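One structure below.
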Amino acid sequence: MSNKDFYETLGVARSASDDEIKKAYRKLAMKYHPDRNPGDKAAEEKFKEVQYAYAILSDREKKTAYDQYGHAGVDPNMGAGGFGGFGGFSGAQGFDFGDIFSQMFGGAGGGRAQSYQGADLQYGVEISLEEAAKGIKKRISVPTYEECDVCHGSGAKPGTSASTCSTCHGSGTIHVRQAIFQMQQTCPTCHGSGKEIKEPCIKCRGEGRVKTSKTVEVNIPAGIDDGQRIRLSGEGEPGQHGAPAGDLYVVVQVKAHKTFERNGLDLHCELPVSFATAALGGDVEVPTLDGKVKLSIPSETQTGRRMRVKGKGIKSLRSSAVGDLYCHVVVETPINLTERQKELLEEFDKISTGLDRSQTPRQKSFFDKVRDIFD
């Protein structure tokens, strides 16, 4: 084992508290654990160093001896002066590091089969803007598992039964010795169940459950926005060996609307008005998610003017606030003109020649800028 400073191995100061040492150990043990680094000898050696350092620094007597005498205080092979007997690691051959790791990370204890919580599932549901604004209930079909109706969940062929695992003797774990360390790992034969199925069920192949689907009703609240998720606790994949099921996350996708664009709680739309209405003013009908409403267009309205219809946006998901509808005016140039319409427009153009620049503010601004450029 390396004589590297134990505090340095764990990346903590010599003044570190017990909690800081434990936290550093947890982080490094997870990083270098052999199960996460299969075949990586360097990671395996690092894991051993971390385990050894923590075994010393987590023991008050050994830590005291190490702080006073360094490695000589805890290594029996360096025990000149009798320090090896006091704080030594002479009992390391029987020290079960798997127990430490199991306690800290929730691994299976001796004599207990491991159980695994079901996986979380994610499902996308598409709704319209109107449905997002008002809320809706949707019934969705999601994949899941159910008990096999042939073996009734045992995983064994009818007429047979599962037997105690011959490798772990029902504990679900095995102890693996590496150098001076003894680590606890999931049994490779029964995968933690503690049971061994010699003749698996033909339908479920020993799983005890088969894939199916179930219908779930989702209450989508008013005001939900595109990309938001709804969590349905316990509606995910069922757990194994009695463990709880995972959760189901429903991701809402709001379809693009042909008229409105949403920005938070507000809605925006383009409002085309005729040249005459823009010039003289008048009432027009504008659409909302609740039907049409009248909007008064002031005279001399220009393209780009934004007009607000209060309270016709989206209701907040978490409060009583309601957004507004903003109509962006576009003065529309008519097409496919009749002869009479052309005559009238030509006449208007003639009588408009020489108009005071105050009547055409945009033209005035444009030509003033052009004159500034060339002057």
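On a predicted model such as this, the values are computed, not experimentally measured, just so you know.
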* Go through the steps for Glu196 and Thr164 under the test side chain to side chain donor-acceptor pair (under 3.5 Å), then give the verdict. => CA-CA 6 Å; Glu196 190 174 359; Thr164 300; over 6 Å; no
* Check: Cys165 and Cys187 side chains under 4.5 Å, non-hydrogen atoms -> yes
Kindly list each side-chain donor-acceptor pair under 3.5 angstrom involving residues 10-19, sequence neighbours excluded, with atom names and distances?
residue: Arg14; atom: NH1; partner: Asp5; partner atom: OD1; Å: 2.9
residue: Ser17; atom: OG; partner: Glu20; partner atom: N; Å: 3.2

* To do: Give a yes or no on whether the backbone of Gly236 and the side-chain of Asp247 come within a donor-acceptor separation of less than 3.5 Å.
  => no
* Asked: Is Thr259 close to Leu267 at the side-chain level, that is, under 4.5 Å between some pair of heavy atoms?
  -> no
* Structure fact -> His152 meets the ring pair (Phe, Tyr, Trp, His ring centres under 6.0 Å) criterion, sequence neighbours left out, with none
* To do: Verify the cluster assignment for Val293 and Leu289: are they in a single hydrophobic cluster under the rule of side-chain heavy atoms below 4.5 Å apart?
  => yes
* Derivation and outcome, side-chain contact (heavy atoms from CB on, under 4.5 Å), residues Ile230 and Ile224 -> CA-CA 10 Å; Ile230 300 170; Ile224 198 162; 3.8 Å; yes
* Electrostatic pair Lys48:Glu45 at N-O distance under 4.0 angstrom -> yes
* Asked: Roughly how far, to the nearest 0.5 Å, is CG of Leu121 from CG of Leu232?
  -> 10.5 Å
* Asked: Does Arg60 offer a backbone N or O that forms a donor-acceptor pair with the side chain of Thr64 under 3.5 Å?
  -> yes
* Donor-acceptor pair, side chain of Glu131 and main chain of Ser128, under 3.5 angstrom -> yes
* Asked: If you look at every heavy atom in Ala156 and Ala162, which pair is closest and at what distance?
  -> CB-N, 4.1 Å
* Structure fact -> Correct closest heavy-atom pair for Ala29 and Phe47 would be O-CE1, 3.7 Å
* Asked: Given Tyr25 and Tyr54, is the ring-ring contact (aromatic ring centres under 6.0 Å, His included) satisfied, shown in steps?
  -> CA-CA 7 Å; Tyr25 166 71; Tyr54 181 71; 4.1 Å; yes
* **Whether over 12 other heavy atoms sit under 6.0 Å from Lys214 NZ** => yes
* Backbone N or O of Lys157 within a donor-acceptor pair of the Thr160 side chain at under 3.5 Å? -> yes
* Min side-chain heavy-atom separation Lys203-Cys148 under 4.5 Å -> yes
* Where do Pro287 and Phe260 come nearest, in terms of heavy atoms and distance? -> O-CZ, 3.3 Å
* Indicate yes or no: at least one non-hydrogen side-chain atom of Pro221 is less than 4.5 angstrom from one of Leu317. => yes
* To do: Kindly compute the distance separating CD1 (Ile197) from CZ (Arg205), expressed to the nearest 0.5 Å.
  => 14.0 Å
* Asked: Of all heavy-atom pairs between Ile174 and Cys168, which one has the smallest distance, and what is that distance?
  -> CG2-CB, 4.1 Å
* Asked: Are Gln253 and Asp226 close enough that some pair of their side-chain heavy atoms sits under 4.5 Å apart?
  -> yes
* Look at atom CD of Glu126 and say whether more than 12 heavy atoms of other residues, nucleotides or ligands are closer to it than 6.0 Å. => yes
* Under 3.5 Å: donor-acceptor pair, side chain of Asp40, backbone of Ala43 -> yes
* Would you confirm whether Arg262, through its side chain, and Gly264, through its main-chain N or O, come within 3.5 Å as a donor-acceptor pair? => yes
* Flag, side chain of Asn37 to backbone of His33, donor-acceptor distance under 3.5 Å -> yes
Can you give me every donor-acceptor pair (side chain of residues 321-337, partner residue at least two apart or in another chain, under 3.5 Å) with its distance?
residue: Asp324; atom: OD1; partner: Gly311; partner atom: N; Å: 2.8
residue: Asp324; atom: OD2; partner: Arg308; partner atom: NE; Å: 2.9
residue: Asp324; atom: OD2; partner: Arg308; partner atom: NH2; Å: 3.0
residue: His328; atom: NE2; partner: His268; partner atom: ND1; Å: 3.0

